[in-house]
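Read the structure below first, then the notes.
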Amino acid sequence: MSNALTWLTDPVNWQDQLGTPGIPTQLGNHLAYSLAAVAIATVIAFPLGLLIGHTGRGTPVVTFANGLRALPTLGLLILLYVVVSPHISGRGDAPYLVPTEIVLVLLAIPPVLGNTCAGVQNVDPAVRDASVGMGMTGREVLFRVELPIALPLVLSGLRSAVLQVVATATVAAYVGLGGIGRYLYDGLAARDFAQMTGGAVLVAALALVLDGVLAGVQRYAVSPGVSGRFGTGPAQAGARVAEAAGKASVPA
Amino acid sequence: MIVFESVTKRYPGGTVAVDHLDLEAPKGRITVLVGPSGCGKTTSLRMVNRMVEPTSGRVLIDGADTAASPPAALRRGIGYVIQHSGLLPHRTVLDNIATVPLLLGTDRRRARSRAMELLERVGLTPALAKRYPAQLSGGQQQRVGVARALAADPPVMLMDEPFSAVDPVVREQLQNEFLRLQEELGKTIVFVTHDIDEAIKLGDRIAVLRVGGRLAQVASPAELLARPVDAFVAAFVGRDRGYRALGFAAVSSLPFEREETVRLGEALATARDRLNGGWVLVVDAEDRPQGWLSEDGARLAAQETVTEDALNLGGTLATEDGSLRELLDAALSSPSGRGVVTDGEGRLLGSISPSTAVRLIEERSSAPAGAPGTGEEA
Ligand SMILES: Nc1ncnc2c1ncn2[C@@H]1O[C@H](COP(=O)(O)OP(=O)(O)OP(=O)(O)O)[C@@H](O)[C@H]1O
Ligand SMILES: [Mg+2]
């Protein structure tokens, strides 16, 4: 552990050198792979989840997406690399990037899809009935009633997608891309356990920071009437975020 | 006016919930649909705003077939209140009330100031405006539900057991305030309940449905109590319908007797002198009855004057222009056996004995049984 600390605090590791990018660059790569995957997954799964939840039709899609979680990530990556990459004639990283992103997107879809769908379906039928009875159209019911009420579940789905993707994006290094996975695979190859442990700590830290950001967004975006945090002005909400951050830093 | 023209609803699966219903709900009146569970009350109600589509027949509002207007537009013009308020949990009380005006494109400030008015109108303090539904009691939620239905000032209101999920005391308050509100607003209301007492209290017209969705009888409350059309309606209306019917019999000239009184604060000695049959009626400075003082009460009192804590508060008050039911109840509940009658301002007029009350009832029954003012509208 102390070796990892030495590795993490060594200024040399934080600078780009010829052929070996520094920690900030790898963090940036890791973040880019992860956010791209979560963004793509959200664009696909969020509208689909709303639609399935609202209409009640197409629930087998959710079950199927959940089934995808059982696929072994590394195996899938290798398979895609073998099958897909030869067809990609792009320059640069594209032949490696595409299979990696597909794997990560497949990982992020189930929590976003499942939670969005469940959030909409869980809305109190009396609330939905009253909304229709007051003269809301289907679209108005979805966006003015169902979505705001489903928001806590939608966002927690997004958070668990982010956590999983950030943790798993280390596989990018396996097909030769960058990211923090580099330290894990290179460290393993060189039996440099300080580097490996340092990399693992970086992944965990990145995941925690992103989760904290999303938790803040959730606190701000969800109506107090739904979350049960009554009487929270923005000032108080801010104070709570600071307090939570303080607590989180203790065990780290 | 709302008209059901031979309306039938058969659900997929074959249940006939409503069977050839012909019914009119007159403009500006409360029409109550009542009947046992599963008799099709909710289904009938929901066919008015097309939450349920009739299998056959038509529903007309002011002569226009509801099937001709797009459902969403139709519903925005009809107030709708349901049993479990159905308030939007993510919106404040004020924004809940403003929902329909906002859907209709009213600007936010106007919608909110109107919502604020309505909040007070249904008997809630403005302090609740910024709360969320989860922070309200059940009774408060129902009031907000009523305010929300009134927000766009619709001429027609549909209410499905709006007061049945609250305790009896709150229910009675809500019913009274609802009647007061309706007196001011004069909406055309269809009101569903399974509670015959509520139906009699609130309805201008009552439609009794039997299971299978067939109409058993439509009548004013008084007529329903006096002349149930068959055994089903008679059983549904209940045992003490004779007593309840007295609630619709107004008394015109009351043969009450003078009652000796003492005022609060007068000497106990005076009270003892005025005892009549062991009891004397105590009034306040404005002659409003406060309670009865008994012989024992006067003897055991701690002070030398008549105070409130020595009084027996049993005994209801009847008003001069009230019903026979009120009068009989006052006479029967009075500890002295003399029912207290007051004027409209609550000042004492005199007292009446149970036997006089019974005589009045007898005189009424020998007169032709019929419809007093309440029912039988155009
Ligand atoms: N959506 C539906 N699909 C199939 N059958 C239904 C549906 N809604 C109601 N029913 C049936 O229609 C009949 C009438 O139902 P409705 O809800 O109108 O009764 P109700 O008089 O309002 O009863 P309650 O007093 O219990 O609310 C019942 O037998 C019920 O089971
Ligand atoms: Mg019902």
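Labels below follow one simple rule: chain letters A, B, ... track the order of the sequence lines, proteins then strands, and each chain is numbered from 1.
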Could you grab the distance from atom CE of A:Met136 to atom CG of B:Leu103, nearest 0.5 Å is fine? 5.0 Å
Please flag which part of B:Arg131 lies under 4.5 Å from any non-hydrogen atom of chain A: side chain, backbone, both or neither. neither
Hey, which of B:Leu88, B:Leu158, B:Ile78, B:Thr92 has the most heavy atom pairs under 4.5 Å with chain A? B:Leu88
Option in A:Ile149, A:Val132, A:Val226, A:Val123 with maximal non-hydrogen atom pairs under 4.5 Å from chain B: A:Val132
Heavy atoms only: give me the nearest A:Gly133-B:Tyr80 pair and the separation to one decimal. CA-CD2, 3.6 Å
For A:Arg128, which atoms come within 4.5 Å of any heavy atom of chain B: side chain, backbone, both, or neither? neither
Of the non-hydrogen atoms in A:Thr137 and B:Ala72, which two are nearest, and what is the gap between them? CG2-CB, 4.1 Å
Which bit of B:Leu104 is near chain A, if near means a heavy-atom gap under 4.5 Å: side chain, backbone, both or neither? neither
Considering all heavy atoms of both residues, which atom of A:Phe230 and which atom of B:Ala134 are nearest to each other, and what is their separation? CZ-CB, 3.7 Å
A:Asp129 versus chain B, the contacting section by heavy-atom distance below 4.5 Å: both
Check B:Ile82 against A:Ala126 and note the closest heavy-atom contact, atom names and distance. CD1-O, 3.7 Å
Has the side chain of B:His90 got a donor or acceptor atom that lies under 3.5 Å from a matching backbone atom of A:Ser227? no
Would one find more than 12 heavy atoms of other residues, nucleotides or ligands at under 6.0 Å from atom CZ of B:Arg114? yes
Return the minimal non-hydrogen interatomic distance between A:Ala130 and B:Gly86, and the atom names on each side. CB-O, 3.4 Å
Show me the donor-acceptor pairs, under 3.5 Å and distance only, between side chains in residues 63-76 of chain A and residues at least two apart or in other chains.
from: A:Thr63; atom 1: OG1; to: A:Thr59; atom 2: O; distance (Å): 3.3
from: A:Asn66; atom 1: OD1; to: A:Arg69; atom 2: NH1; distance (Å): 3.0

B:Pro89 versus chain A, heavy atoms under 4.5 Å apart: side chain, backbone, both or neither? both
Would you compute the distance between atom CE of A:Met134 and atom CZ of B:Arg75 and round it to the nearest 0.5 angstrom? 11.5 Å
Proximity breakdown for B:Arg148 and chain A, heavy-atom pairs closer than 4.5 Å: side chain
